[in-house]
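A short write-up of the structure that comes next.
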Amino acid sequence: MRLLKHHRFDHPLSSEITPRAVHLRRREWLGGLAAGAAALALPGASFAQAAATPPGKLPALPGARSAVPGSITMERATAYADISTYNNFYEFGTDKADPARSAGRLKTRPWTVQVEGEVARPGTYDIETLLRLAPMEERIYRLRCVEGWSMVVPWVGYSMAELIRRVEPTGNARFVEFVTLADRSQMPGLSSGVLDWPYLEALRLDEARHPLTMLAFGLYGEILPNQNGAPVRLVVPWKYGFKSGKSIVKIRFVEKQPRTSWQKAIPGEYGFYSNVNPNVDHPRWSQATERRIGEDGLLARKRPTLMFNGYEAQVGQLYAGMDLKKDF
Ligand code: MTE
């Protein structure tokens with residue numbers, strides 16, 4: 001129970017306070033976003049173009065507009081300044097501002113991702129190889145955190161299915177585990193016992209293979225800022241944000257359902273599936289509504305949360321016949 005007092009998921013309201021620096025940067029961005037919204041309405045417009053004021057600080061990572069059904073929400077993208085300063089990355093601390101402050105020291109080159117377990121072609125993939133493995137796509141996904149806030153993020157990457165196909169899972173592979181970096185020399189948050197390190201998340205194989213499940217390498221047309229999970233992270237848009245592990249170093253194909261870091265920490269609150277579901281309350285707060293970072297002020301009425309975060313048409317059939325109250 002000590003853990004609960006210290007981790008931020010205990011305080012959904014405190015997460016809504018916007019630091020002044022973020023607020024000021026957001027204002028600089030507003031003009032650009034209006035132009036961006038107009039560009040998005042044009043068929044074929046690229047999101048890198050749409051961000052009329054591209055961040056410009058990191059190497060470019062362009063991608064072609066994705067054709068995966070559901071991969072482009074028409075909702076307004078959250079400002080880069082918010083996406084990159086309001087983060088959960090507990091390896092760098094539990095405050096939303098900690099990752100932007102201290103993830104700069106993370107070394108993302110050289111970087112390898114080990115693929116192991118129930119696959120015909122296990123191996124160690126260099127990040128440069130992964131970057132060339134499949135064509136880069138731009139996708140605009142909603143990201144909803146279990147804490148009750150959401151963002152709209154223009155990611156760059158490709159379907160996890162591209163990698164899965166190449167490593168050829170065996171008939172025994174039923175789940176995919178994502179293990180992320182745990183390096184005390186680079187990650188000050190590891191000295192806290194808030195989670196069982198390394199951060200581990202997992203999906204059922206068919207969830208991992210779904211075309212919306214993405215390996216992301218960039219956002220807003222640039223490589224990922226370290227605080228958003230550089231050099232490679234998972235993005236699963238219909239699940240609460242914590243299912244999307246950052247800075248992945250190992251992908252393991254296994255037969256038995258893994259126990260994830262959040263399940264180990266608080267099994268009664270964070271189930272394996274963690275699909276966004278407004279009908280299943282978190283034991284300590286409702287999940288029926290959410291606040292959009294950068295748009296909804298503290299006094300604004302919260303917006304309703306959608307089943308599967310709005311991706312029900314694409315992913316609902318993966319859970320046919322399951323009791324989503326039990327399998328939360
Ligand atoms: N991955 C690692 N390795 N460590 C973390 O603490 N936090 C998760 C997820 N992935 C986390 C992680 C949570 S709770 C959320 S909401 C998202 O990352 C946040 O991603 P973002 O900062 O890009 O918005």
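Read the numbers this way: they start at 1 and go in the same order the structure lists the ligands and their atoms. Count residues from 1 along the sequence. Given the structure is predicted, the values throughout are model-derived calculations rather than measurements.
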Ion pair check, [X] and [Y], cut-off under 4.0 Å:
{"X": "K243", "Y": "E207", "value": "no"}
{"X": "R101", "Y": "D98", "value": "yes"}
{"X": "E177", "Y": "K250", "value": "no"}
{"X": "K239", "Y": "E201", "value": "no"}

Would you call S247 a ligand 1 contact, heavy-atom distance under 4.0 Å?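 In this structure, S247 fails to qualify as a contact of ligand 1 - no heavy atom is under 4.0 Å.
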Single-linkage hydrophobic cluster L133~I127, side-chain heavy atoms < 4.5 angstrom: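 Both belong to a single hydrophobic cluster.
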When you measure from atom 4 (N) of ligand 1 to each heavy atom in E91, K246, Q227, which option holds the nearest one?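 Closest candidate by heavy-atom distance is E91.
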Atoms of ligand 1 less than 4.0 Å from [X] heavy atoms?
{"X": "T180", "result": "3 (N)"}
{"X": "G245", "result": "1 (N), 10 (N)"}
{"X": "S244", "result": "9 (C), 10 (N), 12 (C), 18 (O)"}
{"X": "R233", "result": "17 (C), 18 (O), 20 (O), 21 (P), 23 (O)"}

I need the contact type for Y199 against ligand 1. Using non-hydrogen atoms and a strict under-4.0 Å cut-off, is it side chain, backbone, both or neither?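 Within the 4.0 Å criterion, Y199 contacts ligand 1 through side-chain atoms alone.
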Would you verify whether the NZ or CZ of R142 falls within 45 degrees of the ring axis of Y311 while also being under 6.0 Å from that six-membered ring's centre?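 Checked: cation-pi criterion met.
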Only one of R284, K96, R291 clears salt bridge (charged side-chain N to carboxylate O under 4.0 Å, His left out) with E147; which?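 The residue from R284, K96, R291 that satisfies salt bridge (charged side-chain N to carboxylate O under 4.0 Å, His left out) with E147 turns out to be K96.
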Y90-ligand 1 polar pair, N/O distance under 3.5 Å: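 Right, the criterion is met.
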Any N/O pair N87/ligand 1 closer than 3.5 Å: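 It does: an N or O of N87 is found under 3.5 Å from an N or O of ligand 1.
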